[in-house]
Amino acid sequence: MIAYGLEFPDNTWEAAVHLYCYRHWDDNNPEMLEKHKHFEMAIKIALPEDLGGGRKGYVWSKWSHDRIKAWCYNDFQTWWGPSSSGKSTDAGLFSLFHWLAAPDRTTIMVCSTTKDMLDRRIWREIVRYHSLLKRLHGDEKIPGTRSRQPPTITLDDPNSAEGENTINAMFAIAIQRGTVEEAVGNIVGVHNDYNVLIIDEMQATRKAAVEAFDNLSTGREAKFLGMGNPVSRLDSLGQYSEPTEGWNSISTDDENWKTKKGTCYYFDGLKSPGVDDPEKFHFLLTRKQIDSMTIDPGPDSPRFWSQRRGFVPPEGLTMRVFTENYANKFDIKKRATWKTNPQLCLSLDPAFSTGGDKAVLTPMKIGVFDNDMTGIELQKQIVVNLELSHSQPLVYTLADSVIKHLILLGLTPNELSLDTTGAQRALADIIDKEWNVTKFKRNPMDSTGWDKCFRVGFAGSPSNRPISTEDITPANEAYRNRVTELWYIVREFARNNQLRGIGEEAFEQFCSREVLDDGREKISVETKKAMKSRTGGRSPDNADSIAVGIEYVRVKLGILPGTGDPYVGKVMDEGSARLFDFESSVEDGMYLTDDMSAVVDEDYEIH
């Protein structure tokens, strides 16, 4: 039989003809339909809206037609939209038919934050439609065998002893704490002719999974789709949806815009097909749902913008420790220009026992900026791998690594600050003892005169120290708890033009932590548990490490937000200043007999 200028075996299923034309679309063939028309026809033939007996197949809306065009003509795209906008349903359906167009050469990876979210959203839709198509048309027309563990739909391979194919399949991948490296490894290891990576709930997904998409470009075709309810310009969804002309170039009137890697498509909840026809599109956002949230929490609330408009909330609606304008207003991402020689110190967030993901070291330089303020310049943060050892507990392995970094930086525990909340207190004691007893052979029974770490706790009540030189209000009268004090003092240093060199990851964490608005006079940030739940399991370890170091500057060095040039002479005398001298900082036999090459020198970027 001849169709669209191509020859097919007699009695070829019409839906298969359209899928073949979609996969092998040729704009030089005048008999072919537009590419998205072939894809649309395949779906309509295989899955008609009315299945009879009151059953429904796939119900088409304006948003369906817009999204199918976006799917067919973009290699990299993001979708913004409110809840109940059908994003997961459409992405699941389109990806399934995309796979059916060439199941022997296609790999599709579908990601979300957790297995539960996969089962509730996009993977559920894929499985539902695949099962329905099997029932309607049988195994001969609809290939693929579903497995629950791991969740996959694979093409039966007659050449495999197990009857399964490990690459020509659709995979569901949960990207959550403790599985990110494994999940990204699964993505990176895929090389097929046609590769697709879809990330649902992208606003709560780590960038590492998105970056893994670059590996998929080795095949003939690679597609990326990220989607979610926008929350911030700084999370993964926001960053990969940033307009090429800048954020000020778009508004809720725009339906799409160009991004650095592709296109972002925006589906405004106020224009939902369910608003115009709630009976037909009862599964989409309706006027009743919109009006309900208009009353509580209100049309100007961040939740209304994210869940009903599907647009990133205007800055200021949600109180955060930092805002995105801080970087421009107070130059906190820029390097410092020094008026005096700075001194160096080091801070650590161990994170191994308080719900963190990684141990983060932050070298800091303290001195007088050219603006005559005593300031802090953050250096490149160092992630310390927390590897278990058969010979000693994790806390001792971490202590060894921290001591090696101290030696390489020419510092002592006197210039190290660390979080000692909860069980992490033991780490400081171990560092003190290992440094003094092993290095200097001091009596472990007498700790007088020892070099000692500066300990910072995040739990409990705020201190009674003044907030700044200008605002002498005691911290315990302004902040509800200790963690709020520590994070807000960082904000105060930034606001007083005393902070430079903050990295992207730490800045994002400061901008992500919400400040609670519950009617009380004292300021309080959300708990780490609440923040992690809201951001897909990510712990603010980089920001915590900075907060620890700035508390050292504030308490041990006596430098407050608002401190200017005259004070520095008291801190920067010859006896206390330790200028960074990398080459002369390591002496033979300085610490045990460990191989110092275990510390990677290029981790340091001291400016």
Side-chain angles (χ1 to χ4, degrees), residues 18-19 21-23 25 27 33-44 47 58-101 106 108-111 121-122 125-126 129 194-203 210 213 216-217 221-230 236-245 249-269 271-274 281 284-285 309-312:
H18 285 290
L19 285 178
C21 291
Y22 161 75
R23 170 47 61 212
W25 188 77
D27 58 0
L33 305 176
E34 294 175 271
K35 186 176 184 179
H36 73 277
K37 287 292 185 181
H38 283 295
F39 197 57
E40 182 177 313
M41 288 300 298
I43 296 173
K44 287 183 174 180
L47 201 61
Y58 176 73
V59 180
W60 291 83
S61 69
K62 176 187 180 301
W63 281 353
S64 303
H65 295 290
D66 291 342
R67 288 170 185 162
I68 206 166
K69 291 179 182 178
W71 174 271
C72 290
Y73 300 117
N74 288 276
D75 291 333
F76 193 102
Q77 61 189 295
T78 54
W79 290 356
W80 283 16
S83 57
S84 301
S85 60
K87 299 185 300 294
S88 297
T89 298
D90 288 350
L93 180 70
F94 299 164
S95 63
L96 174 60
F97 273 82
H98 184 86
W99 183 72
L100 292 173
T106 304
I108 295 181
M109 290 153 290
V110 178
C111 305
R121 296 174 61 85
I122 186 170
E125 298 300 298
I126 291 172
Y129 282 123
Y194 306 113
N195 300 291
V196 178
L197 175 61
I198 300 175
I199 298 183
D200 201 3
E201 297 294 297
M202 188 177 170
Q203 74 275 7
V210 187
F213 170 74
L216 303 182
S217 60
E221 177 189 84
K223 278 184 174 292
F224 174 87
L225 169 60
M227 54 189 176
N229 310 124
S236 292
L237 181 60
Q239 289 187 19
Y240 285 96
S241 302
E242 181 177 358
T244 54
E245 301 298 321
S249 67
I250 64 168
S251 70
T252 53
D253 293 330
D254 294 289
E255 294 186 349
N256 61 78
W257 53 85
K258 292 297 181 183
T259 64
K260 293 178 181 179
K261 293 180 74 72
T263 305
C264 177
Y265 292 87
Y266 167 52
F267 303 95
D268 187 351
K271 301 175 184 177
S272 167
F281 301 111
L284 296 177
L285 194 62
R309 294 303 302 268
F311 200 85
V312 65

**Report entry** More than 12 heavy atoms from other groups under 6.0 Å of NZ on Lys44
**Finding:** yes
Report task. Could you give me the CA-CA distance, side-chain angles and deciding distance for Asp200 and Val110, then say whether side-chain contact (heavy atoms from CB on, under 4.5 Å) is met? Result -> CA-CA 8 Å; Asp200 201 3; Val110 178; 5.8 Å; no
Requested in this report: I would like to know whether Ile198 and Met109 meet side-chain contact (heavy atoms from CB on, under 4.5 Å); could you show each step before the answer?
Outcome: CA-CA 6 Å; Ile198 300 175; Met109 290 153 290; over 6 Å; no
Query - Donor-acceptor side-chain pairing of Thr89 and Glu125 below 3.5 angstrom - result: yes
Query raised in the report: Sub-3.5 Å donor-acceptor pair from the side chain of His38 to the main-chain atoms of Leu19, do we have one?
Result: no
**Report entry** Worked verdict on Ser241 versus Thr78 for side chain to side chain donor-acceptor pair (under 3.5 Å)
**Finding:** CA-CA 6 Å; Ser241 302; Thr78 54; 2.9 Å; yes
Query - From CA spacing to verdict: side-chain contact (heavy atoms from CB on, under 4.5 Å), Leu197, Cys111 - result: CA-CA 8 Å; Leu197 175 61; Cys111 305; 3.7 Å; yes
Requested in this report: For this output row, return yes or no: ring centroids of His36 and Trp71 closer than 6.0 angstrom.
Outcome: no
Query - Distance-only polar pair, side chains of Thr263 and Asn256, donor-acceptor under 3.5 Å - result: no
Query - Mutual orientation of the aromatic rings belonging to Tyr58 and Trp60 [parallel < 30°, tilted 30-60°, perpendicular > 60°] - result: perpendicular
**Report entry** Smallest separation among heavy atoms of Asp268 and Thr252, with atom names
**Finding:** OD2-O, 4.0 Å
Query raised in the report: Do Arg23's NZ or CZ and the ring of Tyr194 fall within the cation-pi criteria of under 6.0 Å and 45°?
Result: yes
Query - Beyond-backbone contact of Arg121 with Glu201, side-chain heavy atoms, under 4.5 angstrom - result: yes
Report summary line: Of all heavy-atom pairs linking Gly226 and Leu237, the shortest is O-CD1, 4.3 Å
Query raised in the report: For the ring pair (Phe, Tyr, Trp, His ring centres under 6.0 Å) test, which of Trp257, Phe267, Tyr265 pairs with Trp80?
Result: Trp257
Query raised in the report: Are side-chain heavy atoms of Val196 and Trp99 found at a separation under 4.5 Å?
Result: no
Report summary line: Separation between CG (Leu225) and CZ (Arg67), nearest 0.5 Å, reads 10.0 Å
Report task. Say whether Glu40 and His65, considering side chains only, have a donor N or O and an acceptor N or O under 3.5 Å apart. Result -> yes
Query raised in the report: Should the ring pair Phe311 and Tyr266 be called parallel, tilted or perpendicular, given that the plane angle runs from 0 to 90° and is split at 30 and 60?
Result: perpendicular
Query - Inter-residue atom distance His98.NE2 - Thr106.OG1, 0.5 Å rounding - result: 5.5 Å
Query raised in the report: Shortest non-hydrogen contact from Ala70 to Trp79?
Result: CB-NE1, 4.2 Å
Query raised in the report: Which pair of non-hydrogen atoms, one from Ser272 and one from Leu284, has the smallest distance, and what is that distance?
Result: OG-CB, 3.8 Å
Query raised in the report: Under 4.5 Å between any side-chain heavy atoms of Ser64 and Asp90, yes or no?
Result: yes
Query raised in the report: Atom CD1 of Ile43 and atom OH of Tyr129: how far apart are they, to the nearest 0.5 Å?
Result: 9.5 Å
**Report entry** Check: Gln77 and Phe224 side chains under 4.5 Å, non-hydrogen atoms
**Finding:** no
**Report entry** Separation of Leu100 CG from Phe97 CZ (nearest 0.5 Å)
**Finding:** 6.5 Å
Query raised in the report: Between the main-chain N or O of Pro82 and the side-chain N or O of Asn229, is there a donor-acceptor pair closer than 3.5 Å?
Result: yes
Report summary line: Shortest non-hydrogen pair, Asn74 vs Lys69, comes out as ND2-O, 4.4 Å
Report summary line: Closest non-hydrogen atoms of Ala101 and Tyr22, given as atom of the first, atom of the second and distance, are CB-CD2, 4.0 Å
Requested in this report: Answer yes or no: are there more than 12 heavy-atom neighbours, outside Lys37 itself, under 6.0 Å from its atom NZ?
Outcome: no
Query raised in the report: Will you find, in the side chains of Ser85 and Lys87, an N or O donor that is under 3.5 Å from an N or O acceptor?
Result: yes
Requested in this report: Output, in order, the C-alpha distance, side-chain angles, deciding distance and verdict of side-chain contact (heavy atoms from CB on, under 4.5 Å) for Tyr240 and Met202.
Outcome: CA-CA 10 Å; Tyr240 285 96; Met202 188 177 170; 3.8 Å; yes
